[in-house]
Amino acid sequence: MQYNHKEIEPKWQQYWKDNNVYKCDINKDKPKYYVLDMFPYPSGAGLHVGHPLGYIASDIYSRYKRLKGFNVLHPMGYDAYGLPAEQYAIQTGQHPEITTRQNIDRYRSQLDKIGFSYDWSRQIRTCDPEYYKWTQWAFIKMFNSYYDTAADKAMPVADLIARFEKEGSKGLKAACTKELDFTAGEWNEMDEKQKSDVLMNYRLAYLGNTMVNWCPKLGTVLANDEVSEGVSLRGGYPVEQKLMYQWCLRVSAYAQRLLDGLNGIDWTESLKETQRNWIGRSEGAEMHFKIDGKDIDLEIFTTRADTVFGVTFMVLAPESKYVDMITTEEQRKAVDDYLASIKHKTERERMIDKKVSGVFTGAYAINPLSKKKIPVWVSDYVLAGYGTGAIMAVPAHDSRDYAFARHFDLPVIPLIEGADVSEESFEAKEGIIINSEGEELNLNGMQVKDAIAATKKFIEEKGIGKVKVNYRLRDAIFSRQRYWGEPFPVYYKEGIPYMLDVEKLPLELPEVDKYLPTESGEPPLGRAKNWCTPEGWEFEKCTMPGFAGSSAYYLRYMDPRNNDALVSREANGYWRDVDLYIGGTEHATGHLIYSRFWNKFLYDLGEVCTDEPFRKLINQGMIQGRSNFVYRIKDTNTFVSYGLKKQYDVTPIHVDVNIVSNDVLDTERFKAWRPEFNDAEFILEDGKYVCGYAVEKMSKSMFNVVNPDDIVENYGADTLRLYEMFLGPIEQSKPWDTNGIDGVSRFIKKLWNLFYRDGKLIVTDSEPTKEALKSIHKLIKKVTYDIENFSYNTSISAFMICVNELTAMKCTSRAVLENLTVLIAPFAPHVAEELWHALGHDKTVCDAVWPECNEEYIKEDNVTYAVSFNGKARFNMTVSAGTDVKEVENLAISSENSAKWLEGKNIVKVIVVPGKIVNIVIK
RNA sequence: GCUCGAAUGGUGGAAUGGUAGACACGAAGGACUUAAAAUCCUUUGGCUAUUGCAGCUGUGCGGGUUCGAGUCCCGCUUCGAGCACCA
């Protein structure tokens, strides 16, 4: 039998399916292991060769762990809600459900061809009502919870109400939108609406008036992680700031826990760093500056408390509530004009426009330490959303304050010895403090670090301010003015939102006639008929964002068909958390933050048993495209080969990489490719047309998309799997280049030929030779080590070496080849299954046991030392294994080869590294 | 601007502080073949030798630690990623 992937791959895929080989259930006799891929959004373009990279890596690990005796949970599903299907629906009128289902089917057939070991019985789709029931359920739970900052966990809102009834807001420690102050009596006097508004201030899922990223083109709001540099991540449309009444999740309440949790999990340092940046913790102080002549405390946040004596003015964000309160009559018009001038500017325009602008309010504040009067200004360089929306300006030591001071000719007082502030600000946080002596506090002569601490202590004691930690992480805006998403389980009665009973879930997405907003500007759900409770109360018309459905899907896989709980206690107690999670870095500040938040919330509720959902995470690199170019001589239809193009005036044109091999163009197929090239002529070099190349994003427009189906068709799934892993470390981004694939293809054939010659099985029961045992046990050791360290490319190299060795020694021993088959099974499951059965096994190779390395076999008989003089290797010396170190030293010195190096020299010392090197230091 | 990574042949990439370039691609030469494909063998970092065994040099740049540095430390350069009027 010849190796024929077209025959064996469909055969074993069918066998695995028929025998439910990859179905897994709770089995308390085995340790569990949970391997998860980030589930895909099924786009219309199908999979390209880059998508399966992470899936192959996780599949190898799953199969390996199974052979190691673990009960492995390895599921797959689809993140089915998303904008592209909806955009397509708007254009064509086709229901997004239909598009989504078609795309899912396409994905599934592509995935099936690669031979993954998913337990498809656990498949989930986020758009299935039985799935999103639990997304809605979690939302209700969040609505009914608040964050107790004393207990540092989520608690029921019912407890909060009980507390308000007894003692009002006194002494409450809770995450909130703004600090409220009321007595029990006041609370009990409030009507339903007022109470609802107060509670909204604390709920983890709340309705709030927030500045949102509004994208007019998409007709929806977007979360911070869905916007980059003022444009939407999807589509690249401009995004503007708008105040809207929206559902939000109080993610910020979990900021510190999200930060702390990073320390205990096995993620790459760069990914953790990205999350730390995103959470953006900064430790500082909140201070009060009195407004001169008014009973107003201006609250600011600073990380540089030591610089208070250098504050020469203050700045408010244009949106700050203080602006209106303190502006004097004389300045009123100037301030109003300024506010109007920036109001029509979008966030993006504000960012691009780095010109200094601002206006004086007419008011003065009193510096609490120096007691000096300082002017208060308004400027858009201060952000409303961070800190308190007001700053104390220290132009000597902050570049933005410096620019502002220079522009409006405000004083600059240097505070650090030797700092030259004539040209620019001095921002280093070190040096000796000067010019900082007040009536009660003197910082002069201190180091910056000590001065910060001393100032913080002082202001706390005097009640001028308090130490405060600020986070950049904002609450997640949870409403989308879209159709294709989870409906909120919310209805409104007289303007007050109420949650649907959990028993009535899921609240299914209704049908609409069109997927556009209504004429009155309501979201598409405004078109749904009878979108209200039986009593006639209207349902929420927004839907949930993309990250809603992906925030807890890993929990649902544990118990996907449970209709009574997101996941049963039993299933969650057994599977616990994801041991290995593989996916792209692009989710670092989106999904991976929301998921961790969601999980921590469910943990607080006692619904899940682990605080962190993903124990180890690997980011697979992006596969880029490798585009090819042909060079057309201007105004002709003649194409010149790469090496000769300099002699002509040429235009590079993208050419389909599928008609190019090793950068050599198939000219006949090129002519047939497109009508305009039918009569193309070529100027060749060495009889070939050589193309240029470039690394670009893999996309249709670059003609560099390589489809995994084509590779499977031509080379087989096993070759595709091996080659994707052989390309380089999984975490590294790299361009796809099909050229090297022949190498792994040859390897599989060589492996096959160890078992078959002239179509006949040549495996014998003969005793394996010592060399064969050594070769295979070295392989066992190497491959085991490499898989554990996700270094798949080097383990494939080891396979190649071993197969070459066994071929050279004509090894036909069953014992050796059986081990080889099990070792290759995670990488190339089809060929392994075929060979395993050929060796006479009835059961699947998935039930085999991973072989153990026997060190006895790989012990070297002889050990070769590199003998060097002063670190320069000069000759090799072979001694028998186990030779005493002292003896090795003597042999090296007395060797003939040493003679000329030692001539007339003194030996200073001799260093022997066991099994490796002898270095003789001479003088 | 701040933070984190990375830099090794023509290419993808190997190297617990111990003979740098494993493995693979590509290229060159050869064998088999009427021919091609497939397969197999040899060479392949650079330079000098190749009628001589060999020698020198070499992991972005400059220093340092060490008997010994691609690997550790300090200072740069370039590229990539994240954050960014965040006070």
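No experiment lies behind these values; they were computed from the predicted model shown. Note on naming: letters A, B, ... go to the chains in the order of the sequence lines (proteins, then strands), and numbering restarts at 1 for each one.
- Taking atom C1' on both B:rC74 and B:rA20, the two are 25 Å apart, rounded to the nearest angstrom.
- Under the 30°/60° scheme for interplanar angles, the aromatic rings of A:Tyr792 and A:Phe790 are found to stand perpendicular.
- B:rA81 atom C1' lies 15 Å from atom CH2 of A:Trp278, rounded to whole Å.
- Remark: A:Arg746 is not in phosphate contact with B:rA24, judged by side-chain N or O atoms under 4.0 Å from OP1 or OP2.
- Comparing B:rU48 with B:rC32, their C1' atoms are spaced 37 Å from each other, to the whole Å.
- With the 3.5 Å cutoff on both pairing distances, Watson-Crick and G-U pairs in RNA chain B assemble into runs of at least 3 at B:1-7 with B:77-83, B:10-12 with B:23-25, B:26-31 with B:39-44, B:45-48 with B:54-57, B:60-64 with B:72-76.
- One C1' atom belongs to B:rC23, the other to B:rU8, and the distance between them is 15 Å to the nearest Å.
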Would you check, one step at a time, whether the test side chain to side chain donor-acceptor pair (under 3.5 Å) holds for A:Ser282 with A:Tyr386? CA-CA 11 Å; A:Ser282 73; A:Tyr386 185 77; 2.8 Å; yes
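- Following rounding to the nearest Å, A:Tyr402 (OH) and B:rA87 (P) show an atom-to-atom distance of 21 Å.
- With no hydrogens or angles considered, no side-chain donor-acceptor pair links A:Thr794 and A:Ser797 at under 3.5 Å.
- A straight line from CD of A:Glu319 to P of B:rC85 spans 13 Å, rounded to a whole angstrom.
- Judged by the 6.0 Å distance and 45° axis criteria, A:Arg596 is positioned over the aromatic ring of A:Trp267.
- Using C1' as the reference atom, B:rA49 and B:rC56 are 11 Å apart when rounded to the nearest Å.
- Taking syn as a glycosidic angle within 90° of 0, B:rC47 does not qualify and is anti.
- With distances taken from any side-chain atom of A:Lys909 to the nucleotides B:rA24, B:rA87, B:rC67, the minimum falls on B:rC67.
- The nearest whole Å value for the distance from the CG atom in A:Leu262 to the C1' atom in B:rU3 is 15 Å.
- Using modelled atom types, one finds no donor on one side chain facing an acceptor on the other under 3.5 Å when comparing A:Glu299 with A:Thr388.
- At the heavy-atom level, A:Arg626 lies nowhere under 4.0 Å from the strands shown.
- In textbook terms, a nucleotide whose glycosidic angle is within 90° of 0 is syn, and B:rG9 is one such case.
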Using a 4.0 Å heavy-atom cut-off to protein, can you give one letter per nucleotide of nucleotides 13-19 of chain B, 5' to 3': B if the base is in contact, S if only the sugar-phosphate is, - if neither? SSSB-BB
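- Atoms NZ and CE, from A:Lys468 and A:Met287 in turn, are 14.5 Å apart once rounded to the nearest 0.5 Å.
- For A:Phe799 and A:Phe827, the ring centers are positioned less than 6.0 Å apart.
- For A:Arg626 and A:Tyr693, the positive end sits near the middle of the six-membered ring, less than 6.0 Å away and at most 45° from its axis.
- Close to B:rC83, at under 4.0 Å from its OP1 or OP2, lies no side-chain N or O of A:Arg472.
- Taking 4.0 angstrom as the limit, A:Tyr386 places a side-chain polar atom (N or O) nearer than this to OP1 or OP2 of B:rA87.
- Distance from the side chain of A:Ser797 is smallest to B:rA22 among B:rA22, B:rC83, B:rC4.
- The separation between A:Lys468 atom NZ and B:rC86 atom P is 18 Å, rounded to whole Å.
- The nearest heavy atom of RNA chain B to A:Tyr693 and to A:Tyr471 marks one nucleotide each, and the one closer to the 5' end goes with A:Tyr693.
- Here the side chains of A:Lys750 and A:Leu754 are not in contact, with every heavy-atom distance at 4.5 Å or above.
- To the nearest 0.5 Å, atoms CD (A:Glu283) and CD1 (A:Ile452) are separated by 10.0 Å.
- Between A:Ser282 and A:Val921, the residue anchored nearer the 5' end of RNA chain B, judged by the nucleotide with its closest heavy atom, is A:Val921.
- Look at the C1' atom in both B:rG21 and B:rG9: the space between them is 7 Å, to the nearest Å.
- For the C1' atom pair drawn from B:rU59 and B:rG70, the interatomic distance equals 5 Å after rounding to whole Å.
- B:rC79 and B:rG46 are spaced 28 Å apart, taking the P atom of each and rounding to whole Å.
- Nucleic acid contact class of A:Lys750 (heavy atoms, under 4.0 Å, all strands): sugar-phosphate only.
- With C1' as the reference atom, B:rA6 and B:rG60 are 11 Å apart, rounded to whole Å.
- Rounded to an integer number of Å, the gap from OH of A:Tyr723 to C1' of B:rC23 is 13 Å.
- The six-membered or imidazole ring of A:Trp377 lies away from that of A:Tyr338, with a centre-to-centre distance of 6.0 Å or more.
- The distance between atom CD of A:Glu269 and atom P of B:rA6, rounded to the nearest whole Å, is 11 Å.
- B:rC25 atom P lies 11 Å from atom CG of A:Asn739, rounded to whole Å.
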